[in-house]
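All remarks here apply to the structure that follows.
If you're wondering where the values come from, they're calculated on a predicted model, not measured in any experiment. All chains are named by letter (A, B, ...) in the order of the sequence lines, taking the proteins before the strands, and each is independently numbered beginning at 1.
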Amino acid sequence: MTEPAGFEFTPGSRLPGRLGRTGVIRTPHGSIHTPAFIPVGTKATVKAVLPEAMADLGAQALLANAYHLYLQPGADIVDAAGGLGAFMNWPGPTFTDSGGFQVLSLGVGFKKVLAMDVAGVGDDDVIAEGKTRLAHVDDDGVTFTSHLDGSRHRFTPEVSVRIQHQLGADITFAFDECTTLLNTRAYQESSLDRTQAWAARCLAEHDRQTRARSHRPYQALFAVVQGAQHEDLRRRAARDLQALEVDGRRFDGYGIGGALEKENLGTIVGWVCEELAEDKPRHLLGISEPDDFFTAIANGADTFDCVSPSRVARNAAVYSRDGRYNVTTARNRRRFTPIDEGCDCYTCAHYTRAYLHHLFKASEMLACTLCTIHNERFIVRLVDDIRASIVDGTFDDLRAEFLGRYYASRPLLASRAQAPE
RNA sequence: GGCAGGUUGCCCGAGUGGCCAAAGGGAGCAGACUGUAAAUCUGCCGGCUCAGCCUACGUUGGUUCGAACCCAACACCUGCCA
């Protein structure tokens with residue numbers, strides 16, 4: 001790993017004729033070779049797994065969440081601990097998300113409401129099935145009701161950036177509003193204007209914090225490109241964010257977030273990355289399905305984070321080269337073979353499906369640990385393999401081979417094995 | 001030996017004349033999960049030739065138009081008194 005230093009991105013090999021590339025992100029806590037998958041540890045822990053195990057399975061960095069850590073234990077405590085990495089015993093690079101996603105997940109976009117016409121949701125606080133909306137957006141910021149104790153809190157771009165500086169991650173994100181595909185075009189436009197305005201405020205606050213805390217390692221700030229499924233909005237967002245300069249400071253990288261339909265994910269990432277200069281990293285927020293990696297990487301995405309590998313693992317779903325399946329299914333009761341014969345993870349080296357099946361049935365927490373280790377390894381390795389394939393010039397072969405096999409057992413999903421456009 | 005109570009689908013358990021194939025759990029089975037309010041959630045869960053029919057609430061018999069529910073006998077089980 002590199003010596004502690006500032007933030008730097010160095011592009012490497014290119015995917016001929018496309019936007020995909022390899023690269024190296026240098027942070028004060030080490031380097032990240034891209035494309036890379038960044039596992040999520042929302043509350044300063046990858047649920048059920050030791051940080052040492054995360055390092056062993058090849059995680060290059062971890063991503064935590066500002067909203068959750070602000071509520072508990074409090075950003076000041078993480079700061080006093082010496083920052084996120086020191087607090088959680090993770091010596092490598094760290095990311096924090098801004099809390100922008102919680103504007104969606106705790107707001108109108110949550111769960112069942114997604115299935116409704118958002119415009120039809122009343123202006124009161126009660127949404128589907130008596131659930132209370134926990135976040136309200138206005139032009140200045142967002143008011144949250146804590147899901148932990150019901151207390152009221154307010155996030156503005158300044159607050160989020162300040163919190164993230166206290167948390168001390170190497171890479172932070174601008175506070176944005178995450179919308180859904182169901183929002184109207186008009187809402188997407190006004191929301192995007194708000195996100196863009198917030199971006200400028202984030203950059204200004206980031207500049208203040210960086211100078212005020214010059215004794216601390218440098219923290220990078222990534223903008224978040226929104227704009228939903230609209231080409232003009234996404235391109236404009238990317239262009240404007242890239243042009244944005246406040247007090248001589250610019251964004252260190254870009255996040256791509258918000259409403260992404262699987263079908264047009266590659267297209268959208270492509271629009272954004274076409275607008276962005278090559279010398280800054282691009283992080284695609286919240287994506288981790290195998291076909292999505294190939295698509296997004298081909299279109300210029302460098303890093304990814306997603307809760308899916310760990311959440312799904314805790315619910316007994318595991319990845320294999322032949323697709324994802326649930327270990328709790330009855331046919332695994334007597335299968336004394338690993339989750340995936342070709343996997344090099346700790347779990348596959350030592351445990352059988354029958355044992356994992358037993359652990360889940362017996363509600364033993366080791367089940368969560370072992371399956372999370374496997375899933376995180378599987379996904380980290382897949383993206384590592386894609387990186388290697390870009391260097392080798394075998395990207396398309398890997399895509400066809402991997403996805404062909406991955407979706408072979410699910411005829412209805414076979415189309416995912418085809419390269420789009 | 002006396003008094004009292006109980007026996008419900010794989011398990012626990014509600015129901016005490018018709019709206020009961022029978023609430024609710026659990027187990028079992030299947031599925032979902034993409035910037036984590038998620039070790040969560042959803043569906044199925046007696047059988048069949050499945051808009052109907054059959055078999056079922058300890059056993060047998062009875063009352064009733066109709067019984068898991070009322071009566072009788074029997075068989076187990078559980079408390080308190082000996």
Reckon [X] has a side-chain N or O less than 4.0 Å from the OP1 or OP2 of [N]?
X	N	value
A/Asn65	B/U36	yes
A/Gln102	B/G35	no
A/Arg311	B/U40	no
A/Ser308	B/U36	no

Quick one: [X] [atom1] to [N] [atom2], roughly how many Å, whole number?
X	N	atom1	atom2	answer
A/Asn332	B/G31	CG	P	10 Å
A/Lys47	B/A38	NZ	P	6 Å
A/Ile268	B/G35	CD1	P	16 Å
A/Asp97	B/U34	CG	P	15 Å
A/Arg331	B/A30	CZ	P	9 Å
A/Arg333	B/A30	CZ	P	11 Å

Using a strict 4.0 Å threshold on nitrogen-to-oxygen distance, state whether [X] and [Y] make a salt bridge.
X	Y	answer
A/Arg185	A/Glu189	yes
A/Asp384	A/Arg381	no
A/Arg18	A/Asp396	yes

In the structure shown, which nucleotide is the Watson-Crick or G-U wobble counterpart of [N], with both distances under 3.5 Å?
N	answer
B/A67	none
B/C48	B/G52
B/C29	B/G43
B/A23	none
B/C74	B/G58
B/G35	none

Checklist entry - Taking everything shown except A/Arg333 itself, do over 12 heavy atoms lie less than 6.0 Å from its CZ? => result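 Open.
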
Hey, does [X] reach any base, or is it just sugar-phosphate, or nothing, if we go heavy atoms under 4.0 Å?
X	value
A/Asp305	sugar-phosphate
A/Glu261	nothing
A/Lys361	sugar-phosphate
A/Ala317	base
A/Thr329	sugar-phosphate
A/Gly258	base
A/Arg324	base
A/Asp149	nothing

Next on the checklist: A/Arg282 vs A/Leu276, test: side-chain contact (heavy atoms from CB on, under 4.5 Å). Steps then yes/no.
Outcome noted: CA-CA 9 Å; A/Arg282 307 133 181 185; A/Leu276 297 172; 3.9 Å; yes

Next on the checklist: Quick check on contacts: within residues 278-291 of chain A, what sits under 4.0 Å from RNA chain B by heavy-atom distance?
Outcome noted: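 Only A/Leu285, A/Gly286, A/Ile287, A/Ser288, A/Glu289 qualify.
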
Next on the checklist: Tell me which residues in residues 337-353 of chain A lie within less than 4.0 Å of RNA chain B, going by non-hydrogen atoms.
Outcome noted: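 Heavy-atom contacts with RNA chain B come from no residue of residues 337-353 of chain A; none.
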
Given the [atom1] atoms of [N] and [M], what is the spacing between them in whole Å?
N	M	atom1	result
B/C12	B/A4	P	27 Å
B/U7	B/C70	P	10 Å
B/C69	B/U60	P	13 Å
B/A38	B/A23	C1'	28 Å
B/C10	B/A67	P	23 Å
B/U55	B/G46	C1'	8 Å
B/C54	B/G1	C1'	47 Å
B/G15	B/G79	C1'	24 Å

Does the [N] base have a donor-acceptor partner in the side chain of [X] within less than 3.5 Å?
X	N	value
A/Ser310	B/U36	yes
A/Arg314	B/A38	no
A/Gln226	B/G35	yes
A/Lys43	B/U36	no

Taking the minimum atom-to-atom distance to the side chain of [X], which one of [options] wins?
X	options	value
A/Asn326	B/A39, B/U36, B/A32	B/A32
A/Asn315	B/C29, B/C33, B/G35	B/C33
A/Val307	B/G35, B/U34, B/C33	B/G35

Item to check | With A/Arg194, the salt bridge (Lys or Arg N to Asp or Glu O under 4.0 Å) member among A/Asp138, A/Asp140, A/Asp176, A/Asp139 | outcome: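 With A/Arg194 as partner, salt bridge (Lys or Arg N to Asp or Glu O under 4.0 Å) holds for just one option, A/Asp139.
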
List the atom pairs, with distances to 0.1 Å, where a side-chain N or O of residues 362-373 of chain A and a protein N or O form a donor-acceptor pair under 3.5 Å, not counting sequence neighbours.
residue  : atom : partner  : partner atom : Å
A/Thr369 : OG1  : A/Ala48  : O            : 2.8
A/Thr372 : OG1  : A/Cys368 : O            : 2.6

Checklist entry - Does any non-hydrogen side-chain atom of A/Leu285 lie less than 4.5 Å from one of A/Phe304? => result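 Heavy-atom side-chain distance check fails, nothing below 4.5 Å.
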
Checklist entry - So A/Phe402 and A/Tyr406, would you call those rings parallel, tilted or perpendicular, with 30° and 60° as cut-offs? => result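 Aromatic pair A/Phe402/A/Tyr406 classed parallel.
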
Checklist entry - Which pairs count as ring pair (Phe, Tyr, Trp, His ring centres under 6.0 Å) when at least one residue sits in residues 72-102 of chain A, sequence neighbours excluded? => result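 Listed by first then second residue: A/Phe95-A/His283.
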
Checklist entry - Quick one: on RNA chain B, does A/Glu177 or A/Cys368 contact a more 5' nucleotide (nearest heavy atom)? => result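 Looking at the nearest nucleotide for each, A/Glu177 comes out on the 5' side.
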
Next on the checklist: In this structure, is the centre-to-centre distance between the rings of A/Phe222 and A/Phe251 below 6.0 Å?
Outcome noted: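 No; A/Phe222 has its ring centre 6.0 Å or more from that of A/Phe251.
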
Checklist entry - What pairs of residues pass the side chain to side chain donor-acceptor pair (under 3.5 Å) test when at least one of them lies in residues 72-84 of chain A, not counting sequence neighbours? => result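 The answer is A/Asp79-A/Arg213, A/Asp79-A/Arg216.
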
Next on the checklist: Strictly by side chain to side chain donor-acceptor pair (under 3.5 Å), give each pair with a member in residues 42-54 of chain A just once, sequence neighbours left out.
Outcome noted: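 Listed once each, the pairs are A/Glu52-A/Asn89.
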
